[in-house]
2 protein chains.
Amino acid sequence: MRPGVRLRPIGAVRSSYRDPSDLPPPVFAPPRFFERSTGTIEVLPEFAAGLDGLEGFSHIIVIFHFHRAAGSKLEVVPPGESKPRGVFATRSPHRPNALGLSVLKLLGRDGRILRVSGLDLIDGTPVLDIKPYTSRDRKAHIRTGWLQKERRPAR
Amino acid sequence: MRPGVRLRPIGAVRSSYRDPSDLPPPVFAPPRFFERSTGTIEVLPEFAAGLDGLEGFSHIIVIFHFHRAAGSKLEVVPPGESKPRGVFATRSPHRPNALGLSVLKLLGRDGRILRVSGLDLIDGTPVLDIKPYTSRDRKAHIRTGWLQKERRPAR
C-alpha cells in the first residue's frame, strides 16, 4: 500500500455561510432547507478546461476538504443524538482524511464558475474534485440505519 | 488557500478484478453488469471502530485513490467516444488528485471487513474514506449530459 496521497485544491466554494456555525448539520437540516441555498464553485484558471461538458449534467458531486475540522475521531456523537457512532457511519467532518462530499444541483456554468444550489458548505472550502452525477449514483431503495430509525424516514 | 492535503489509506479493496483491463469502464458497462460483482473492503485495524453503525445502511459511498492512473489530463476521450470532454465532466481516473468514488451496496459487515456488491474497483485499490449513503445523495430527476444524449438514457 502506498504511504499516502498528496492533493491540491482545484478550486474553492463561494458561499454566504461564513462559518460552520452558520449552517445546521446537513443531515439534520429541515427537509429542503438547503435547496434554496445557492453559491458558486470557482475553479482555478489552470483547471478550467476540465469543466467542458459538465454543463449538461443536472447534478454534480463535489469532493472537498473539511478545512475547518480540528482533528479526527473514530467515534462521534452526531448533533441531537446521545449515542456515539463510528465516524464512517456519519458524515461528520471529524474523520480521518477530512474528505467531504456533497451532491449539488448545477444551475449553470460561466466559464470556470459553477452556479450551484443545495449548497451546504462554507465560504472558502477547498474543492478537491468535481464529478458528474450519473444514474449509477442514484439508488432507488435505500436504508439509512441509525439516521432513519431515530430521526426521520428517508425522503 | 492551503497548499495541499495529505491523505493516508484507511483500508483497501479486495476484488476479483486484478487489473484495470479486467473490467469495462463503469459508466459504459451494460446495465446491471456490476450488480453481481462482489468483493470486500478491508479497513485497517486502527480504523475499525469507525465502522460501528454502518451496518444499518444499505449503501455506502467509497472514496478511493486511482492508484494505477498514470498522470492527469484536463481533457479525456471517454471509451467509445470520439469527442474529448473536460475531465471533470467524466469519471475518468486521469484526473487531478486521482480521487475516485463508487456507491456500493453493503451486504454485511464482519468486524473490519465490509462485504459489498456493485464493485467496480480493482484489487488493492487504496480506500480513503467511507460514508453512509443518505437520502440527500439520492436525486429523483437527473440529466446526464453527453452521457445521456450519446449513449443511453439514465436508468
Side-chain angles (χ1 to χ4, degrees), chain A residues 1-10 12 26-27 43 47 49-59 61 63 65 67 74-75 85-91 95-99 101 103 126 128-139 141-149 154-155, chain B residues 1-10 12 26-27 47 49-59 61 63 65 67 74-75 85-91 95-99 101 103 124 126 128-139 141-149 154-155:
Chain A
M1 189 172 286
R2 292 155 71 106
V5 182
R6 184 148 196 94
L7 307 184
R8 59 196 167 142
I10 62 156
V27 299
V43 171
F47 297 110
L51 297 173
D52 290 345
L54 189 61
E55 57 278 356
F57 291 81
S58 60
H59 293 80
I61 298 171
I63 299 177
H65 182 218
H67 64 307
L74 286 180
E75 298 218 302
R85 309 284 177 178
V87 70
F88 299 124
T90 77
R91 301 289 278 259
R95 54 202 312 119
N97 292 328
L99 292 175
L101 180 157
V103 180
L128 301 173
D129 199 7
I130 299 169
K131 300 176 188 292
Y133 184 91
T134 79
S135 56
R136 292 193 68 229
D137 303 310
R138 189 176 55 170
K139 302 300 174 187
H141 305 290
I142 65 172
R143 276 183 300 112
T144 56
W146 63 269
L147 202 57
Q148 185 166 3
K149 197 163 51 188
R155 62 177 193 273
Chain B
M1 191 172 284
R2 292 156 71 105
V5 182
R6 184 149 197 96
L7 308 184
R8 59 196 169 141
I10 62 156
V27 299
F47 296 110
L51 297 173
D52 289 345
L54 189 61
E55 57 279 355
F57 291 81
S58 60
H59 294 81
I61 298 171
I63 300 178
H65 182 217
H67 65 305
L74 286 180
E75 299 220 300
R85 309 284 176 178
V87 71
F88 299 125
T90 78
R91 300 290 277 259
R95 54 201 313 117
N97 293 328
L99 292 176
L101 180 157
V103 181
L128 301 173
D129 199 7
I130 299 169
K131 299 178 189 291
Y133 184 90
T134 79
S135 56
R136 293 193 68 230
D137 303 310
R138 188 175 54 169
K139 302 301 175 186
H141 305 290
I142 65 172
R143 276 182 300 112
T144 57
W146 64 268
L147 203 56
Q148 186 167 1
K149 197 162 52 187
R155 62 178 192 275

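So you know, we letter chains A, B, ... as the sequences are listed, proteins then strands, and number each from 1.
- In this structure, the portions of A/L128 lying under 4.5 Å from any heavy atom of chain B include both its backbone and its side chain.
- The shortest heavy-atom contact between B/R143 and A/G56 is NH1-O, 3.0 Å.
- Here the straight-line distance linking atom CZ of A/R85 with atom CG of B/L54 works out to 11.5 Å at 0.5 Å rounding.
- Heavy-atom minimum distance, B/R136 versus A/V103: O-CB, 4.4 Å.
- Rounding to the nearest 0.5 angstrom, the gap separating the OG1 atom in A/T134 from the CD atom in B/Q148 is 11.0 Å.
- Applying the side-chain hydrogen bond (donor to acceptor under 3.5 Å, both in side chains) rule to B/D52 yields the partners B/R109; only residues at least two apart in sequence or on another chain are considered.
- For the set B/D129, B/V87, B/T90, the entry with the most heavy-atom pairs within less than 4.5 Å of chain A is B/D129.
- Note that the CG atom of A/L51 and the CD atom of B/E75 stand 10.5 Å from one another [nearest 0.5 Å].
- With values rounded to the nearest 0.5 angstrom, A/R95 atom CZ is found 9.0 Å from B/I130 atom CD1.
- Annotation for A/H59 and B/H141: closest pair CE1-O, 3.4 Å, computed over non-hydrogen atoms.
- Here CZ of A/R138 is found 8.5 Å from OH of B/Y133. Values are rounded to the nearest 0.5 Å.
- By the salt bridge (charged side-chain N to carboxylate O under 4.0 Å, His left out) test, B/D137 is found to be paired with A/R91, residues two or more places apart in sequence or in another chain being considered.
- Within the 4.5 Å cutoff, no side-chain heavy atoms of A/F57 are placed close to those of B/I142.
- Rounding to the nearest 0.5 angstrom, the gap separating the CG atom in B/L99 from the CG atom in A/L101 is 10.5 Å.
- Scanning both residues, A/G53 and B/A89, for their nearest heavy atoms gives C-CB, 3.6 Å.
- At least one donor-acceptor pair closer than 3.5 Å links the side chain of B/N97 to the backbone N or O of A/R8.
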